[in-house]
Protein chains: 2
Amino acid sequence: MLQLTKRTEYGLIALVHMVDQGGEYTSAREIAESYPIPKRLLAEVLKDLARSGLVNSLRGSTGGYALARPPEQITVGDIVSALEGAPTLASCDTADGNASDCEVEPVCPIRSPLQRIRKGIWLQMQRTSLRALVTPSPQAADLPLTARNGPAAS
Amino acid sequence: MLQLTKRTEYGLIALVHMVDQGGEYTSAREIAESYPIPKRLLAEVLKDLARSGLVNSLRGSTGGYALARPPEQITVGDIVSALEGAPTLASCDTADGNASDCEVEPVCPIRSPLQRIRKGIWLQMQRTSLRALVTPSPQAADLPLTARNGPAAS
DNA sequence: TTGAAATAGCACTAAATTGGTGCGAAATAC
DNA sequence: GTATTTCGCACCAATTTAGTGCTATTTCAA
Ligand code: SF4
Ligand code: SF4
């Protein structure tokens, strides 16, 4: 239904929280205590974020997680991509140019237009940085589509 | 996973097919025979489209469906909205300004930024007309964001 | 050295969503 | 009257998602 997963939301919240903590390593427990979200699930999400390289992790009693890059260099697209995969809109466009298994594909009249929409969504996620999430400057995210075409995948 | 449902895809395909048929009423069977998609499910989708007023329906042996409005006045947003609901991104923003049941909401740091992204997605769907789907003019869908702000809900 | 606290890994169950079908009724053209 | 069609609603199956269990490994600190 065109909605982010809870996992992704939890990840976004956690990362925003980390920005507030500066460069300090923050444990999963500490984050989970700040919001009414299941601690165990958040832990799983944080592991995914660590596996994808968005955050660094430290084990042991004083361990935790911290951003691997400054918040200006982490985009919503990065996070979504790490936790639930980049938006596809249709199961045929794999965002990395792979084969699909859709039977309709050979005669599908909506494939290419859908891809254009997907690209727009992706662009929008890529131009919204984690910094923009924590300090919501209204004009920052309303730049024209042509500006700031970053290293957008695909 | 941020993907349209099959229902929506089938609906889009059906509507594009109808555009090709001009103003003629086209039966569910006829459409289903043009693409390898389950006839029965397509019929269900067409019913939904009729219920939502996007297409007119005619019963009886020569019946079928036809667009209720010219393809320029039907947007992808309309279709998505009719078949799976408007994009929400998060379960809290209901696109019609209603209450949510998310426990995190009172302390959620990502709500407002997510809404901005959702609005952008919605806008993009609203400015892509059914006409643009059937005749993919590359520049047609890349109009500046400010243009063609239709009767966009929310 | 011992133990508490933390991440890592992976499997697993339960809920929700989606894909797809069954079946009978009502309309319409021939 | 019969064939063809939409209509309405319920239903099951597959997939995806939410959330949990459990154990191992690392690290700090007493
Ligand atoms: S080929 Fe067409 S029907 Fe198949 S997944 Fe892509 S858009 Fe959807
Ligand atoms: S309030 Fe925050 S956590 Fe809850 S649904 Fe909205 S965005 Fe997600």
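Every chain is numbered from 1, with letters handed out A, B, ... down the list of sequences. Worth knowing before you read on, the calculation uses all heavy atoms, side chains too, and leaves out hydrogens, waters and symmetry mates.
- Contact annotation for B:Leu46: no contact, since no heavy-atom pair falls under 4.0 Å across all strands.
- Mapping A:Arg29 and A:Arg7 onto DNA chain C by nearest heavy atom places A:Arg29 closer to the 5' end of the strand.
- Rounded to an integer number of Å, the gap from CD of A:Gln3 to C1' of C:dA16 is 12 Å.
- For B:Lys6 against C:dG20, a side-chain-to-base donor-acceptor contact under 3.5 Å is absent.
- Annotation: the span from B:Leu4 atom CG to A:Met1 atom CE amounts to 13.0 Å, rounded to 0.5 Å.
- Contact check, A:Tyr25 against C:dA5: no side-chain N or O comes under 4.0 Å of OP1 or OP2.
- The interatomic distance linking A:Lys39 (NZ) with C:dA6 (P) rounds to 9 Å, in whole Å.
- Donor-acceptor pairing under 3.5 Å, judged by distance alone, is absent between the side chain of B:Glu44 and the base of D:dC7.
- Between the CZ atom of B:Arg40 and the P atom of D:dA10 there is a distance of 14 Å, given to the nearest Å.
- To the nearest angstrom, C1' of C:dA11 lies 11 Å from NZ of A:Lys47.
- Rounded to an integer number of Å, the gap from B:Met1 CE to D:dA14 C1' is 12 Å.
- A close approach under 4.0 Å does occur between a side-chain nitrogen or oxygen of A:Tyr10 and OP1 or OP2 of D:dG19.
- Heavy-atom contacts from other residues, nucleotides or ligands closer than 6.0 Å to CD of B:Glu103 number 12 or fewer.
- One atom, CZ of B:Arg51, and another, P of D:dT6, lie 13 Å apart when rounded to the nearest Å.
- Residue whose closest nucleotide on DNA chain C sits further toward the 5' end, between A:Gly63 and B:Ser61: A:Gly63.
- The distance between atom CD1 of B:Ile37 and atom C1' of C:dG20, rounded to the nearest whole Å, is 12 Å.
- For D:dC7, the OP1/OP2 oxygens have a side-chain nitrogen or oxygen of B:Ser57 closer than 4.0 Å.
- One side chain, A:Thr88 or B:Gln3, offers a donor N or O that lies under 3.5 Å from an acceptor on the other.
- Side-chain atoms of B:Arg59 and base atoms of D:dT6 include a donor and an acceptor less than 3.5 Å apart.
- Within the 4.5 Å cutoff, no side-chain heavy atoms of B:Leu46 are placed close to those of B:Val55.
- Rounded to an integer number of Å, the gap from A:Leu2 CG to C:dA16 P is 21 Å.
- Of the listed nucleotides (D:dC28, D:dC7, C:dA8), D:dC7 has the atom at the smallest distance from the side chain of B:Ala50.
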In a table with atom names and distances, give each donor-acceptor pair under 3.5 Å that connects a side chain of residues 14-28 of chain A to protein atoms at least two apart or in another chain.
{"unit_1": "A:His17", "atom_1": "ND1", "unit_2": "A:Tyr35", "atom_2": "OH", "d": "3.0"}
{"unit_1": "A:His17", "atom_1": "NE2", "unit_2": "A:Gln21", "atom_2": "NE2", "d": "3.4"}
{"unit_1": "A:Thr26", "atom_1": "OG1", "unit_2": "A:Glu24", "atom_2": "O", "d": "3.4"}
{"unit_1": "A:Ser27", "atom_1": "OG", "unit_2": "A:Glu30", "atom_2": "N", "d": "3.1"}

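- Note on A:Ala43: nothing from the nucleic acid sits closer than 4.0 angstrom, heavy atoms only.
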